[in-house]
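Single-structure report; data block below.
Please read all numbers here as calculations on a predicted model, not as lab measurements. Atoms within a ligand are numbered from 1 in the order they appear, just like the ligands themselves.
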Amino acid sequence: MGTIKFTHERWLNIYRYATTGIQLIFIALNIYSIVNPSARFSIGTTELAPYILALSLVHIIYFTLIFNTVARQSIRLATVIIVCLISISLISIIHATGQMHSYWLIGWGLLCVLSGMFGIYIATGTSLLMAAYVIFLIVSGNYSYVVVEEISVAIATFILCTLSWLIWRKTFVDPDNLVIQELTGKLISKEQQSTILIQAITDGIIVTNTKGKISLMNPAAANLTEWSVNEALGLDAHIVAKLREQDKTEIPESESPFTKVLVNKRAVTETYQLLGREGSTRTVSLAISPVIIDKTDELTGAVAVLRDVSAAYAEEARRADFISTASHEMRTPVAAIEGYLALALNEKISNIDLKARSYLEKAQSSTRHLGKLFQDLLTSAKAEDGRLTSHPGVVEMGTFMEQLSEDLKFSAEKKGLHTEFVIGTAGSTTNATNHSNVRPLYYITVDPDRLREVITNIFDNAVKYTDSGKISLGLTGDARVVQIRMTDTGPGIPADDIPHLFQKFYRVDNSSTRTTGGTGLGLFICRKIVELYKGQIWVESQIGQGSTFFVNFPRMDSVEAIKLQGEQIQKASRTLPTIT
Ligand code: ADP
């Protein structure tokens, strides 16, 4: 059966329905013959009638009830059974109705013409079936007919079947092949579509296998990386798409986003500098996703989309530059106004009446606010374009925080708020809780001035937004991180606002912010500074119960920190001017 070929399914369907229709005619004929045995088309007089009826019924039952089940396994087998049933029914009816003179021979001729549709085996089988019948007639010694007639019918059957096969051969399509061909066709057209799409997309697309080797790259990616597609295929993605951090620091292979995505099976979206093969540098936004087969959870590679954002970044840099220049220029006269107002309000220098004093005090407060705004604008512009000055050094957080909390507490006490500073509080993330009187040493690398700016900002907010209660500063840590916590008993922050809190100019819209001045830049600057030192900042808060701000920094190894600190002190002493 393996090489049997079938024609198009549409033809098969026509064939199946037609043969079933013929079988219905046979049944009707049988019934008609039983009722009227002497009629012209009667087959009821022969002993074959019950078999013909049975065969026809089997055919109908098979076609209506069983065909689909068999076809699901093998459409060939299902159809061949129908071919067999109709062939045997027809031979039987020919035998019952006049043998070589039967008008049903026309039906047999038709069957022969269609047999080629099912391929050479069915065509041959149909000829052989008639040949076997003719031999049976001759051997059975029924000489009432001329043998020549019988042989002629057998030869005619053979010729018809051969012709049929030759004619149908051209349109033969194996249904399995047909499905494959159809699918292949669809796949090819889908592939063509996706190729057209990938080629047309202006974003660079790089597809890698599980080893990070490039298996597909579009012209846009070739343009960005300055590699030709043919040369890049098969190479490591991180060699072709040479990435640097935004501050131009190199990325080791193990830290490459391509490696990270394949190792962690998690998407990465980041902005990098892309170094072209010919020496160009572009700012690109890179989104790499692992390609995972849903059912098996198997990683098959990664897809990277590169977008050139150099122009947008340049525009942003120009904007930031303008803001920083403008705020710098405006800060100077504001400082002068602030100075003169301070002189005017100084009782030892100026003599002014109470009303004028109150006006001047209001002017001084507004000028301070303006000065802070310009200062914040300047810092945030610098933080955004990476121009924030930073002189990182080793800082022991315990000592640093103790001193800072002493400085900070006055502003809180002025408002009637309590303050406390605890190292290694209960419920902290630390394992290094203070079991003895020896407190743990938490070393980190930061610029102390920048760190002061962060903590002061969060503390000032706590004081600003808390009407009564307490502000607690905590310091904890574990082997990897040092954590600063600032808890207040203020109004709390709505959950909807928390994700936006560290964005530029974001202020919670409520009565306390409406009555309390602010720029919405403080926490943005804090985040930028914290990220500068690879730290994290976040807040946990509940309305009416206060807020806790957390700042995490990577903890330094104590031995290394003490060594570095010693070197810092030595370096500082060498640069000190000698007093003679
Ligand atoms: P602002 O100059 O408005 O204080 P920030 O960036 O410092 O700007 O803070 C952003 C917003 O976060 C504030 O407007 C305020 O609504 C909210 N916020 C910050 N700290 C607290 C706090 N401790 N308690 C309640 N709300 C706070």
> Out of Y506, F524, F505, Y465, who gets a non-hydrogen atom closest to atom 15 (C) of ligand 1?
Replying inline: Y465
> Is H328 atom NE2 crowded by more than 12 heavy atoms from other residues, nucleotides or ligands, each under 6.0 Å away?
Replying inline: no
>> Yes or no: does K464 have any heavy atom under 4.0 Å from an atom of ligand 1?
In response: yes
>> If the contact criterion is a heavy-atom separation under 4.0 Å, does F549 count as touching ligand 1?
In response: yes
> What part of I493, side chain, backbone, both or neither, has a heavy atom within less than 4.0 angstrom of ligand 1?
Replying inline: side chain
>> Yes or no: does A462 have any heavy atom under 4.0 Å from an atom of ligand 1?
In response: yes
> Step by step, would you call K563 with E560 a salt bridge (charged side-chain N to carboxylate O under 4.0 Å, His left out)?
Replying inline: CA-CA 5 Å; K563 203 174 120 210; E560 193 195 341; over 6 Å; no
> Does any non-hydrogen side-chain atom of K265 lie less than 4.5 Å from one of I292?
Replying inline: yes
> Do the ring planes of F502 and F549 sit parallel (below 30°), tilted (30 to 60°) or perpendicular (above 60°)?
Replying inline: perpendicular
>> Below a 4.0 angstrom heavy-atom separation, can you tell me which part of L523, side chain or backbone, both or neither, approaches ligand 1?
In response: both
>> So M401 and I455, do their side chains get closer than 4.5 Å, heavy atoms only?
In response: yes
>> Only heavy atoms of S547, strictly under 4.0 Å: list the atoms of ligand 1 that pass.
In response: 24 (N)
>> Nearest non-hydrogen contact with atom 1 (P) of ligand 1 belongs to which option: S541, G546, G520, G522?
In response: G520
> For ligand 1, which atoms, with element, lie under 4.0 Å from some heavy atom of L501?
Replying inline: 12 (O)
> Without hydrogens or angle criteria, can the side chains of T195 and Q192 be said to hold a donor-acceptor pair below 3.5 Å?
Replying inline: no
Which side-chain N or O atoms in residues 415-422 pair as donor and acceptor under 3.5 Å with protein atoms at least two apart or in another chain?
residue: K415; atom: NZ; partner: V463; partner atom: O; Å: 2.6
residue: K415; atom: NZ; partner: K464; partner atom: O; Å: 3.2
residue: K415; atom: NZ; partner: T466; partner atom: O; Å: 2.9
residue: E420; atom: OE2; partner: S472; partner atom: OG; Å: 3.4

>> P491 versus ligand 1: do any nitrogen or oxygen atoms come within less than 3.5 Å of each other?
In response: no
